[in-house]
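Protein chains get the first letters and strands the later ones, always in sequence-line order, with residue 1 at the start of each.
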There are 2 protein chains.
Amino acid sequence: MNAPAPTRIQKKNRAAILEAALDVFSTHGFRGATVDQIAAAAGLSKPNLLYYFPSKEAIHATLLERMLDTWLDPLRALDPRGEPMDEVLAYVARKLEMSRSYPRESRLFANEIIHGAPRIHQVLSTDLKELVDKKAALLLGWMDQGRLAPVDPHHLIFSIWSLTQHYADFNVQVHAVLGGPDIDPYPEAGAFLRTLFSRLLQPDD
Amino acid sequence: MNAPAPTRIQKKNRAAILEAALDVFSTHGFRGATVDQIAAAAGLSKPNLLYYFPSKEAIHATLLERMLDTWLDPLRALDPRGEPMDEVLAYVARKLEMSRSYPRESRLFANEIIHGAPRIHQVLSTDLKELVDKKAALLLGWMDQGRLAPVDPHHLIFSIWSLTQHYADFNVQVHAVLGGPDIDPYPEAGAFLRTLFSRLLQPDD
DNA sequence: CGTGAGTTTGACCAGTTGGTCAAATCAAAG
DNA sequence: CTTTGATTTGACCAACTGGTCAAACTCACG
């Protein structure tokens, strides 16, 4: 009943394909990427690639699915038992670290959303909404207790997503403005975001 | 020596094409958009469309160029003679208003940047950088005078771009999380952003 | 070895796409 | 009404793209 155990070659090639596809999809978008490009980047011929995945669509779906979970982990980790300000700042830090370490994943996701999220709209309005609502309630609770300054919790979460992912999705612009590809914006960005959310959420006692 | 004055029909059709192209490009991206789609949306046949613009590329270039100026106007309007906090908050408000009124333009731009800005990289690292550096210096001056709380001015500008454009570029996600396409996030977003930048930049006296 | 499953590929195909072109149609000035 | 330039289009093309397939090759295992 189970799928047969993947051979050594299958493991290697599937991994190579997904890695190559992430590269190509994240820089050219789904429509802009060609199967030939992905195959070449993975070191395979096109028919060979299609021996491992049934279609271009399937590769994209696999990448997206695999990513969504990882992407939401930092928010899941927001701990009700923790110190509110520490929790939020840690969430921001984790999210920024993800932008730094996985910019291609971030762009893949951004691309999908900008184009109307045709493949993940369902997940967004169910799983994601549920998770966000839960965490927004948690944040609101903290605010009601006076442990965080009051702001709209949903928009607070949006602001964290937007500010952190900006450095991955718009990195070309960031580097163009800061003056060259050698500059590492992340240290300054981290400091700026800590300041921003500290001042925003510090309750005045 | 001059180009001949455009006829009435030329004016009308060029405008219709650009309007249609903005729609199609902003939802499907450059590669994902087809000339047939644009022609249909503009109410023209494909050859007829190509009678007014020499290529798909040319339409896209025209849109992008036309937009860049408009896009930077709010930043240009940051006035050295104004009251610092008012100026920044007014800039944020203008930028958010642009996201609301011109989401297609915002997505067109976002798409271009995410894919590495192949057609506007030059402008970003010259004109845009110059403008941003100038305004960053102005902000820094205000901070040095104690009229704004000190933060990195470049990242402050990034944060304004990111937070405001988020509501246009990721509007599908925003609506999915907030629960439906009927919700208007902009009033709350405006209030949230005013609070955010007030608390971030209010100098403690 | 030999053998059968697993892997790879050259050749090919049908659909799509950006773009061309000659011929047809239209509009406005005389 | 006629003429002339502007506008419109059906038919077409070459390049590209996602995907197929039968044949060839490779590899692990008995």
CG of B:D36 versus P of D:dT8: gap in Å, rounded?
17 Å
So does B:R14 get a side-chain nitrogen or oxygen closer than 4.0 Å to the phosphate oxygens (OP1/OP2) of D:dT7?
no
Once you apply a heavy-atom cut-off of 4.0 Å, does A:F53 come out as touching a base, just sugar-phosphate, or nothing?
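Counting heavy atoms under 4.0 Å across all strands, no contact is made by A:F53.
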Walking DNA chain D from its 5' end, the first of A:F30 and B:Y51 to be reached, judged by nearest nucleotide, is B:Y51
A:N48 has a side chain; which of C:dG18, C:dT7, D:dT8 sits nearest to it?
C:dT7
Side chain of B:P47 only, please: which of C:dT8, D:dC16, D:dA11 is the nearest?
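Side chain of B:P47 sits closest to D:dA11.
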Record whether the side chain of B:K46 comes under 3.5 Å of the base of C:dG18 through a donor-acceptor pair of N or O atoms.
yes
To the nearest angstrom, how far is B:F25 atom CZ from C:dT17 atom C1'?
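Nearest whole value for this atom pair: 13 Å.
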Parallel under 30°, tilted from 30 to 60°, perpendicular over 60°: which one fits the rings of B:Y167 and B:Y186?
tilted
Whole Å only: how far is the CD1 atom of A:I9 from the P atom of D:dA28?
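Rounded to whole Å, this separation is 7 Å.
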Can we say B:R104 and B:E19 salt-bridge, meaning some charged N sits less than 4.0 Å from an Asp/Glu carboxylate O?
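A salt bridge links B:R104 with B:E19.
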Ion pair A:D79/A:K135, N-O distance below 4.0 Å
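Here A:D79 does not pair with A:K135 in a salt bridge, since their nearest N and O are not under 4.0 Å apart.
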Whether A:R8 contacts C:dG6 is assessed here as follows: a side-chain N or O lying under 4.0 Å from the phosphate OP1 or OP2. Is that the case?
no
Residue B:N13, side-chain atoms from C-beta onward, closest of C:dT17, D:dG19, D:dT8:
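For the B:N13 side chain, the nearest candidate turns out to be D:dT8.
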Among C:dT17, D:dT7, C:dG19, which is the nearest nucleotide to the side chain of B:T7?
D:dT7
Output all residues satisfying salt bridge (charged side-chain N to carboxylate O under 4.0 Å, His left out) with B:D86, sequence neighbours left out; order by chain, then residue number.
none
Side chain of B:Q10: nearest nucleotide among C:dG19, D:dT7, D:dA28?
D:dT7
May I ask you to say what A:A33 touches in the nucleic acid, namely base, sugar-phosphate or nothing, with a heavy-atom cut-off under 4.0 Å?
sugar-phosphate
Send over the distance from B:L49 CG to C:dG19 C1', rounded to a whole Å.
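One finds 11 Å between C1' of C:dG19 and CG of B:L49, rounded.
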Under 4.0 Å, heavy atoms only, any strand: does A:L50 hit a base, just the sugar-phosphate, or nothing?
base
Can you figure out which of C:dT7, D:dT8, C:dG19 approaches the side chain of B:K56 most closely?
C:dG19
May I ask you to check if A:R119 and A:F30 form a cation-pi contact, with NZ or CZ under 6.0 angstrom from the six-membered ring centre and within 45° of the axis?
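Relative to the ring axis of A:F30, which defines the angle, A:R119 lies inside both limits.
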